[in-house]
Amino acid sequence: MSLVTDLKQNKILIGDGAMGTLLYSYGSDFCYEELNLSQPEQIYNIHRAYLNAGADIIQTNTYAANYSKLERYGLQDQVKEINKAAVQNARRAAKNQYVLGTIGGIRGIKPNSISLDEIKRSFREQLYCLLMENVDGIQLETYYDLQELETVLEIARNETSLPIIAQVSLQEIGFLQDRTPISEALLRLEEIGSDVVGLNCRLGPYHMLKTLEEVPIPKGAFLSAFPNASLPSYSDGKFQYESDAEYFKECAHLFRKQGVSVLGGCCGTTPAHIRAFSTELKNLQPVKEKEVKQRKRDIVIQSASKSNYVPLFEEVKKKQSIIVELDPPRKLDTSRFMEGAKALKKAGIDALTMADNSLASPRICNSALSSVVQSELNLRPLVHITCRDRNLIGLQSHLMGLHTHGIREILAVTGDPASVGDFPGASSVYDVTSFELIKLIKQFNQGLSLSGKELGEKTSFSVGAAFNPNIRLIDKAVERLEKKIEYGADYFISQPVFSEEKLIETYEATKHIDKPIYIGIMPLTSSQNAEFLHHEVPGIKLSDDVREQMGKYKENPKQASVVGLNIAKSLLDTAMDLFNGIYLITPFMRYELTVELANYARTNHPSLLARRSQNA
C-alpha cells in the first residue's frame, strides 16, 4: 500500500504537526536535527505522540538536515549520519503509518541568498541519504521561492517514483512572494510531477482557507494543507503560539470543504491540534467538487507624480555637477550644520549628501535633516542608506518615509560594521547586500515592495551606488560597479581620490561605463588626519607624495590645512577635466573648506559659475 493508493481510495490522511515547537526547550539557536543523534528517544517520543493522536503520516526530523543549513552549526559533514538516524527514529515509531523524508526550503524570503547550483548540490545529497533509508515518500515544505521548489522537485521526480508532497508558503492571501497566484503555482508543481501539492507554514488556518477558496481541486494530484497554529507572539525572548486545539477542530471541516486530502500542522502545532483534525475527519472522504471563488483584484498603482524635477544622474550627463557631503552632527545642536548647508547652497552646489551614521557612530537621522534642508533651504538632499542598521521591515518603512517627504536621491551602501563604531556590541543587520538594496529601491519605483505587495503608487527614487577606485587592481572595482548597474544603479559616487595618477587610472578604467560617476575629492586638514585616513579608514589610500607634503607641517596645523586645500584644488582641476561629476567631502564639519572648493570650481568653469549666481 502507498500513500497515493490510499488517497485514490478517497481517504483523508492526517499528517503530523511541528517538531521544532516541541523541541524549543533546547533553545532557539539549537540544531534540532542534531538531536536525531544525541537525543533519539526524545525524537521517537514526539513521533509516537503524533501517531497516538491519529496521524497517518509522520515526517522525519530533517527539515534543515542539509549541508547549507547544517554548516551554521559546524555539522555540514554529518548530513548522512543525521538523515539516516532521523529515518530510523521515525521508522521505529511508526507501525502501519507512512514515514516521509522531509526536505525544507533554503532561500526563505531572500531569493538571492544562495545560488541554485548550491541548492541543487545540497538537495541531492540530502535526497540520496533519505532514499537510501527507504522512506515511503518525500515531503518538500516551506518553500517561499517557487523557482527553488520547481528546481528541487524536478530533481526528486527524476530520482524516485515514490510519492512526493510539494508545499509552498504564502506571502499573503492568494500569492507567493513573487506575486505568483497560488493556483498557478500549485498547477506548475502538479505538472512537474508532484503527487500532492499544497500550503504549509508562515500563516494560520484563516489565511490558508481564504487562499484555498481560490484553488481548484487538482485533476492529477491531491491537495494538502499544514497551517501554523496561529501568528506567533514574542515574549521574554521566546516565540509563543496562542491558538488552541478547539480552533483546529472547527477548521477541520472547512479544510475538507476546500478539497484538502492531506491535513497536518506546522509551527506551533502539537499532538492536541493533530488529534482535533483526526477526530473530526478520520472516517470522512474528501470532497470531489467545490466552488472556486474568483477574488476581485483591482490593482491600481499610480505613477509617480509628474514635476519639473530632473534627477542628478540626468543632470550630470549633460553638464558638470557638484555635490557635497556634510554629515549630520553627533549632537543635537544643528546650528552649524544649517550654516554650512546655507553656505554650500550659496556656492551653487547641486545636492547636499548626508551619510547614514558614518563609521557606525550615531548621528542625527539623515532623513530628518534632509527633510529640513529641502523644505527650509530648497536645497536638494541626497540621503545615504546603509544595509547595516535596518532589517527588511525597517528598510522598506524607511523608503516609504523618504518618498512621503519627497526625497528622491538615495545612495545605497553597505555601511561600516557596528564593531568599528561607538557601540561595538550593537548588531549589524545586513539583511540585504548593497546590490539587493539597489534592486529593492528600483522595485519601489515599480510600485512593489520586496515581497511583491502593491504600494499603491510608484516611487521615483534616483539610485546612486558607491565606487571605490582605491584598490590595487582597479578592474576588480569596475567589475563590482558593472554588477551594480545590472541591479539598477543610476550613477556612482566614489571614495575620495588623493592622486592625479589615480584619477587618470580611474577615468581610463571606467570610460566605457555609460553611467555617470561623481569622483570624490576631500581636503585634508592635518598630517594626523592624512595618516588616519590612510591607515585606518576602509577604502581610502593616500599617495606617498600627499602624505609627505602634509607631514612637512605636522607642527603647524594652520599651514597644513592650507596645503591640504591646495592639494584638493589641484586634484579638482584634473578631476573636472575627466569627470562631469564632482563629490566634495566635508571634513569634521569644516564646511568653509568645501565652500572654497565649490567656489574655486565655479570660478574656473563658467557653466558652473552661471548656476551659482542663480542660487545666490
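This is a predicted model, so every value here is computed, not measured.
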Assess, by modelled atom type and distance only, whether the side chains of [X] and [Y] contain a donor and an acceptor separated by less than 3.5 Å.
X    : Y    : result
N529 : T525 : yes
E409 : H384 : no
T594 : T586 : yes
D333 : S335 : yes
S460 : N445 : no
H403 : E457 : yes
S494 : Y583 : no
E125 : N66  : no

Can you see whether F444 has K458 sitting over its ring - NZ or CZ less than 6.0 Å from the centre and within 45° of the normal?
no
Cation-pi between R388 and Y430: NZ/CZ under 6.0 Å from ring centre and within 45° of the ring axis?
no
Using residues 389-397 as the side-chain source, report each donor-acceptor pair under 3.5 Å to any protein atom, sequence neighbours left out, with the distance given to one decimal.
residue, atom, partner, partner atom, Å
D389, OD2, N357, ND2, 3.3
R390, NH1, D356, OD2, 2.9
N391, OD1, I393, N, 3.0
N391, OD1, G394, N, 2.8
Q396, OE1, L450, N, 2.9
Q396, NE2, L392, O, 3.1

May I ask you to decide whether [X] forms a salt bridge with [Y], counting only side-chain N to carboxylate O separations under 4.0 Å?
X    : Y    : answer
K502 : E505 : yes
R336 : E592 : yes
R121 : E118 : yes
R179 : E454 : yes
E531 : R547 : yes
R380 : E315 : yes

Please check: side-chain N/O of K541 versus main-chain N/O of H534, any donor-acceptor pairing under 3.5 Å?
yes
Counting only N and O atoms by type, is there a donor-acceptor contact under 3.5 Å from the side chain of D350 to the main-chain atoms of I322?
yes
Decide yes or no on side-chain hydrogen bond (donor to acceptor under 3.5 Å, both in side chains) for T180 and D178, but give the supporting numbers first.
CA-CA 6 Å; T180 301; D178 66 355; 2.8 Å; yes
Interatomic distance, L524 atom CG to M550 atom CE [nearest 0.5 angstrom]
5.0 Å
Measure the SG-CG distance between C387 and L437 for me, rounded to the nearest 0.5 Å.
4.5 Å
Which heavy atom in [X] sits nearest to a heavy atom in [Y], and how many Å separate them?
X    : Y    : value
F467 : V478 : CE1-N, 4.4 Å
Y591 : A343 : CE1-CB, 3.9 Å
L326 : F337 : O-CE1, 3.3 Å
S434 : K484 : OG-CE, 3.8 Å
T102 : T62  : O-OG1, 2.6 Å

Just wondering, are more than 12 heavy atoms of other shown residues or ligands nearer than 6.0 Å to NZ in K80?
no
Given side chains that start at C-beta, do those of N228 and C201 come closer than 4.5 Å, heavy atoms only?
yes
With the side chain counted from C-beta on, respond yes when L399 and I410 share a heavy-atom pair under 4.5 Å apart, and no when they do not.
yes
Can you list everything that forms a side-chain contact (heavy atoms from CB on, under 4.5 Å) with T334? Sequence neighbours excluded, please.
P329, M338, I364, L369
List the residues meeting side-chain contact (heavy atoms from CB on, under 4.5 Å) with Q374, not counting sequence neighbours, and say none if there are none.
P381, I407
